[in-house]
Student: 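Got a structure for you, questions after.
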Amino acid sequence: MSLRELAKKVGVSAAFLFDIELGRRNPSDKYLSAIARALETPLDELKQYDTRPTMRDLRRMTISDPQFGFAFRQLIDKKITPQELLDFIGEQNKDKEKE
């Protein structure tokens with residue numbers, strides 16, 4: 001389905017959906033539900049891609065403790081992949097369980 005076709009089904013402009021796709025705009029629950037229906041996808045599946053709460057939490061953490069900002073900068077600079085980070089966290093959890 002093209003972006004224009006989806007926009008027509010949802011009742012919004014293609015530009016609006018394009019902005020959502022690029023993360024420049026966040027859909028309300030009303031539009032997110034309409035998008036899910038048009039894509040024949042469960043709403044919860046679409047919501048798993050919503051990073052707004054996580055980004056707010058990260059922003060809050062870096063403001064309250066600059067070391068978090070430094071640590072996140074290191075992740076970016078070293079080009080650590082999400083999978084590498086998840087693997088590291090998994091290893092740390094295993095080590096803690098052994099203790």
Side-chain angles (χ1 to χ4, degrees):
M1 176 182 322
S2 73
L3 192 64
R4 285 192 173 116
E5 290 172 313
L6 179 59
K8 187 175 180 179
K9 286 184 178 189
V10 174
V12 296
S13 70
F16 179 80
L17 288 182
F18 188 63
D19 283 348
I20 291 170
E21 186 176 28
L22 293 178
R24 294 189 292 211
R25 186 182 289 248
N26 296 306
S28 66
D29 287 342
K30 171 187 167 185
Y31 288 117
L32 195 58
S33 294
I35 293 168
R37 277 192 306 276
L39 294 174
E40 298 178 3
T41 302
L43 180 59
D44 288 341
E45 188 172 325
L46 287 185
K47 283 187 173 187
Q48 75 182 359
Y49 297 102
D50 185 359
T51 60
R52 284 176 289 174
T54 303
M55 295 308 295
R56 277 193 298 264
D57 292 344
L58 290 175
R59 209 170 290 121
R60 209 170 313 147
M61 288 168 62
T62 58
I63 290 169
S64 67
D65 186 345
Q67 282 189 312
F68 276 113
F70 179 73
F72 293 132
R73 182 83 254 158
Q74 294 294 309
L75 288 171
I76 293 166
D77 290 346
K78 294 184 185 293
K79 295 180 173 61
I80 294 174
T81 67
Q83 190 56 55
E84 289 171 328
L85 184 56
L86 290 170
D87 290 346
F88 175 76
I89 293 167
E91 290 171 19
Q92 294 298 306
N93 288 336
K94 285 179 187 175
D95 289 345
K96 285 183 182 181
E97 290 172 3
K98 290 179 184 176
E99 293 175 358

Student: Check whether Leu22 and Leu46 end up in the same hydrophobic cluster, where Ile, Leu, Val, Met, Phe, Trp and Tyr are linked by side-chain heavy atoms less than 4.5 Å apart.
Tutor: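 In one cluster with Leu22: Leu46, yes.
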
Student: Do other residues, nucleotides or ligands put more than 12 heavy atoms under 6.0 Å from the CD atom of Glu45?
Tutor: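 It does: Glu45 CD has more than 12 such atoms within range.
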
Student: Look up atom OG in Ser13 and atom CZ in Arg4, then write down how far apart they are to the nearest 0.5 Å.
Tutor: 10.5 Å

Student: Please determine whether a side-chain nitrogen of the Lys or Arg among Arg60 and Asp57 lies less than 4.0 Å from a carboxylate oxygen of the Asp or Glu.
Tutor: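 So Arg60 pairs with Asp57 through a salt bridge.
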
Student: Give me the atom names and distance for the closest heavy-atom approach of Ala7 to Ala14.
Tutor: CB-N, 3.6 Å

Student: Would Leu75 end up clustered with Ile63 when hydrophobic side chains under 4.5 Å apart are linked, directly or stepwise?
Tutor: no

Student: Phe18 vs Arg25, test: side-chain contact (heavy atoms from CB on, under 4.5 Å). Steps then yes/no.
Tutor: CA-CA 9 Å; Phe18 188 63; Arg25 186 182 289 248; over 6 Å; no

Student: Does any non-hydrogen side-chain atom of Arg73 lie less than 4.5 Å from one of Asp77?
Tutor: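 Answer yes - side chains close enough.
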
Student: For Tyr31, is the OH atom crowded, meaning more than 12 foreign heavy atoms sit under 6.0 Å from it?
Tutor: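 Atom OH in Tyr31 is not packed in, count stays at 12 or less.
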
Student: Name all pairs fulfilling the ring-ring contact (aromatic ring centres under 6.0 Å, His included) condition that reach into residues 56-99, sequence neighbours left out, sorted by first residue then second.
Tutor: none

Student: Evaluate side-chain hydrogen bond (donor to acceptor under 3.5 Å, both in side chains) for Asp87 paired with Gln83, printing each intermediate quantity in order.
Tutor: CA-CA 6 Å; Asp87 290 346; Gln83 190 56 55; 2.8 Å; yes

Student: Find out whether Met1 and Lys9 are in side-chain contact, i.e. whether some heavy atom of one side chain is under 4.5 Å from a heavy atom of the other.
Tutor: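 Contact flag for Met1/Lys9 side chains = yes.
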
Student: Quick one: does Ile35's side chain get under 4.5 Å of Ile20's, heavy atoms only?
Tutor: yes

Student: Can you name the nearest heavy-atom pair linking Glu5 to Ser2, along with the distance?
Tutor: OE1-N, 2.7 Å

Student: Return yes when atom CD of Gln92 has more than 12 non-hydrogen atoms of other residues, nucleotides or ligands closer than 6.0 Å, and no otherwise.
Tutor: yes

Student: Output the distance between atom CG (Asn93) and atom CD (Glu91), rounded to the nearest 0.5 Å.
Tutor: 10.5 Å

Student: To the closest 0.5 Å, what do you measure between CG (Leu43) and CG (Leu32)?
Tutor: 5.0 Å

Student: Please check if Ile89 and Met61 belong to a single hydrophobic cluster, counting links between Ile, Leu, Val, Met, Phe, Trp and Tyr side chain heavy atoms closer than 4.5 Å.
Tutor: yes

